[in-house]
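Let me begin by presenting the structure, written as structure tokens, before commenting on it.
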Amino acid sequence: MTIKEKFQELKKQGRKAFVAYVPYGFPTIAKTRDIIIALQEAGVDIIELGIPFSDPVADGAVIQEAASIALKNGANTKNLFDTLNRIKKDIKVPVALMTYYNPVFRFGVEDFFKSMNEAGVSGILTVDLPIDEASEYLRQAKKHKIETVFFITPVTPISRAKKILKASKGFLYYISVTGTTGVREISYDSLSGHIKQLKKETDLPVCVGFGVHTKEQFKNICKFSDGAIIGSAIVKFIKENHTRGNFLNSFKNYVRSLRAEHN
Amino acid sequence: MPIPDKKGYYGSFGGKFMPETLFSCLSELEVFYGKVKKENSFKKEFQFYLKNYAGRPTLLYFAKNLSKHLGMKIYLKREDLLHTGAHKINNSLGQALLAHHMGKSRIIAETGAGQHGVSAATVARLFNLKCDVYMGEEDIRRQRMNVFRMKILGARVIPVKSGSKTLKDACNEAIRDWVTNVRDTYYLIGSTFGPHPYPMIVRDFQSVIGKEARQQILKEQNRLPDYLLACVGGGSNSMGLFYPFFKDLKVKFIGVEAGGLNKDLNSASISYGDVGVLHGAKTYVLQDKFGQVKGTHSIAAGLDYPGVGPEHSFYNDLKRAAYVAVKDNEALEGFKMLSELEGIIPALESAHAISYLKKLAKKAKGALVIVCLSGRGDKDLEIVQESLDK
């Protein structure tokens, strides 16, 4: 399923998107499969699977630590695609890879997009690849039918936002604050203003990420956007609970609790 | 065609690979720098501080004993004589002026050996800016004196505990701070790396080294040198020396990278790395085959970095400059050689370039050489003591 199709389905149902981020290879490579399936069973609409990187400049402490553990576990782009190819028949929701550019560049941009297509991946988000550097990336994405999600932030001028929207497929990722990933408070007034302004420019769904970690935030954000992305809070839950008995059940319950009932 | 081009590329290297949040402030800096660069008032102000505060021009010193010892004519460009003890002050003064005129109230910096941190802390006092310096815990341990200097200068030194706890990780933390405080904070990058326009700005501010050296050698010897030699970490002292000679094709450039312990553990990004994207630029990076950046090592904290300025990568592929690696123990020999023959104690970074003179002498007897003595060695005495005791 593509991200676009997922949003069409959600729209028909009058629901908003719950996008969940988890890093590949954390807490172990083997557990990534169980976690993805659990997210799906807990009603997550889109899964963002993070590719661990040695120098994650846009991430806060929680995701930095998870990435570093994943790398120690031997996670790399090759075994990522092997894993995805093994489990793709069990995944019904769209999966998007969230990455920094160097692992993609080193893999070879064309080979990377080809592998994504083969592994059933729907989309890609590359944190440190602005549209200005993305011409080859966009060409390969088009060729291999991968949806390219880009970012807009509170300090992006509207003239630039328009260009970013043009290059974006699937949804637009609005970064709630200037800062790195991680749990924090969000001020809704300016956020809703920015998003309303963007909605005038595009039909593309707009989802909000960075800082989102509670059901209340999720609910408030969905009043003016098409969905929310929760990452660090989920990663923290995994970190603190994965060694306990019955982890996958408690994990599913936790993930379900993040979504407001009517969304 | 101007180098870099409009998109910040040096051939196929460079660019702006940064999170979207930083994009508008990079554009703001690019436009602002483009404007003041042409203004005489900015140039005059910069030159005023270089002369009256930093102590320029620096000497081009004929190293008589060393020349005799190695059978070449060796001149040292004495950046070690500048205020704060290294070439870093040239760039810090220029960028602090930019921050000041852009109305930023706070600067942040990354530092390895602490020389850039000290120079940033210094100019922060001069222009009354708040200053936070990110420094890896490992570097804090091995460069204690510079940490103390920064503190005396009123800067906050923030220890970086992530990754290899050295310069690379200090850069990561500085970028995270910048992403968060982008509205009022100026990131004073210390070398010719990072996203465009930084490599260009740092090169321009450091090119005073090469401009002076060119005039001085013409006056002394009435000809251009055969070789320019400088150490390369991020690559600012070397690019500062090389750049004004770019069109003098008979002048050969040699960049000396940190060969560390061996081929597996070093900081020689061009010698042993592959093209990748790190800290905003496409350039040579020490990395594994999956694009994960490797841990590095050098006895010289200021060279201990897994990337290199994109313009150096360009010079390498263009074959305009040759890049060689000098190991820790060879750098120590260079350190001793200059101290004993000339009474000048070099920084361990610069000692890499000094050391390579021995190899160069074997194939270039009688050559006229300028070496950039980028910094003084006071900060390294403990490290040298430790290795002599071993």
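Here is how names work: the chains are called A, B, and so on, in the same order as the sequence lines, proteins then strands, and each is numbered from 1. Computed from heavy atoms alone, side chains included, the values below leave out hydrogens, waters and symmetry copies.
- Looking at A:T178, its side chain does come within 3.5 Å of a backbone N or O of B:T180 through a donor-acceptor pair.
- For the atom pair CG of A:N76 and NZ of B:K289, the computed distance is 8.0 Å after rounding to the nearest 0.5 Å.
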- request: Begin with the C-alpha distance, continue with both residues' side-chain angles, and end with the deciding distance and a verdict on salt bridge (charged side-chain N to carboxylate O under 4.0 Å, His left out) for A:D55 and B:K168.
  value: CA-CA 8 Å; A:D55 295 83; B:K168 162 183 92 101; 2.9 Å; yes
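- Only the side chain of B:V182 has a heavy atom closer than 4.5 Å to any heavy atom of chain A.
- Between chain B and the options A:L71, A:L129, A:T156, A:I175, the largest number of non-hydrogen pairs under 4.5 Å is found for A:L71.
- Proximity of B:Q287 to A:P103: side-chain heavy atoms (C-beta onward) are nowhere separated by under 4.5 Å.
- Of the atoms belonging to A:P52, it is backbone heavy atoms, and not side-chain ones, that fall under 4.5 Å from chain B.
- For A:Y101, the part lying under 4.5 angstrom from a heavy atom of chain B is the side chain only.
- Under the 4.5 Å side-chain criterion, counting only non-hydrogen atoms from C-beta, B:V275 is in contact with A:F105.
- Rounded to the nearest 0.5 Å, atoms CG (B:L278) and OH (A:Y100) are 12.5 Å apart.
- Taking the side chain as every heavy atom from C-beta outward, B:S162 and A:Q64 approach each other to under 4.5 Å.
- To the nearest 0.5 angstrom, B:H196 atom NE2 is 10.0 Å from A:E133 atom CD.
- Residue A:S68 does not touch chain B at all, counting heavy-atom pairs closer than 4.5 Å.
- The number of heavy-atom neighbours closer than 6.0 Å to NZ of A:K88, taken from other residues, nucleotides and ligands shown, is above 12.
- With chain A as partner, the option from B:D288, B:D169, B:V277 having the largest number of non-hydrogen pairs under 4.5 angstrom is B:V277.
- Summarising the geometry, atom CZ belonging to B:F23 is positioned 11.5 Å from atom OG1 belonging to A:T153; distances are rounded to the nearest 0.5 Å.
- The two residues B:D274 and A:R106 have their closest heavy-atom pair at OD2-NH2, 3.3 Å.
- How far OG1 of A:T126 is from CD of B:E20: 12.5 Å, rounded to the nearest 0.5 Å.
- Considering all non-hydrogen atoms of both residues, A:V155 and B:T21 come closest at CG2-O, 3.4 Å.
- The main-chain N or O of B:F290 is never found under 3.5 Å from a side-chain atom of A:K78 such that the two would form a donor-acceptor pair.
- Annotation: side chain of B:M18 is not in contact with side chain of A:V57 (no heavy-atom distance under 4.5 Å).
- Other residues, nucleotides and ligands contribute more than 12 heavy atoms inside 6.0 Å of the NZ atom of A:K199.
- Per-residue counts of heavy-atom pairs under 4.5 Å with chain A were compared for B:K294, B:K282, B:E173, B:H279; the largest is that of B:K282.
- Within 6.0 Å of atom NZ in A:K236, 12 or fewer heavy atoms from other residues, nucleotides or ligands are found, so the atom counts as exposed in its surroundings.
- Within a 6.0 Å radius of CD in A:E118, other residues, nucleotides and ligands contribute more than 12 heavy atoms.
- How far CG of A:N102 is from CD of B:Q292: 8.0 Å, rounded to the nearest 0.5 Å.
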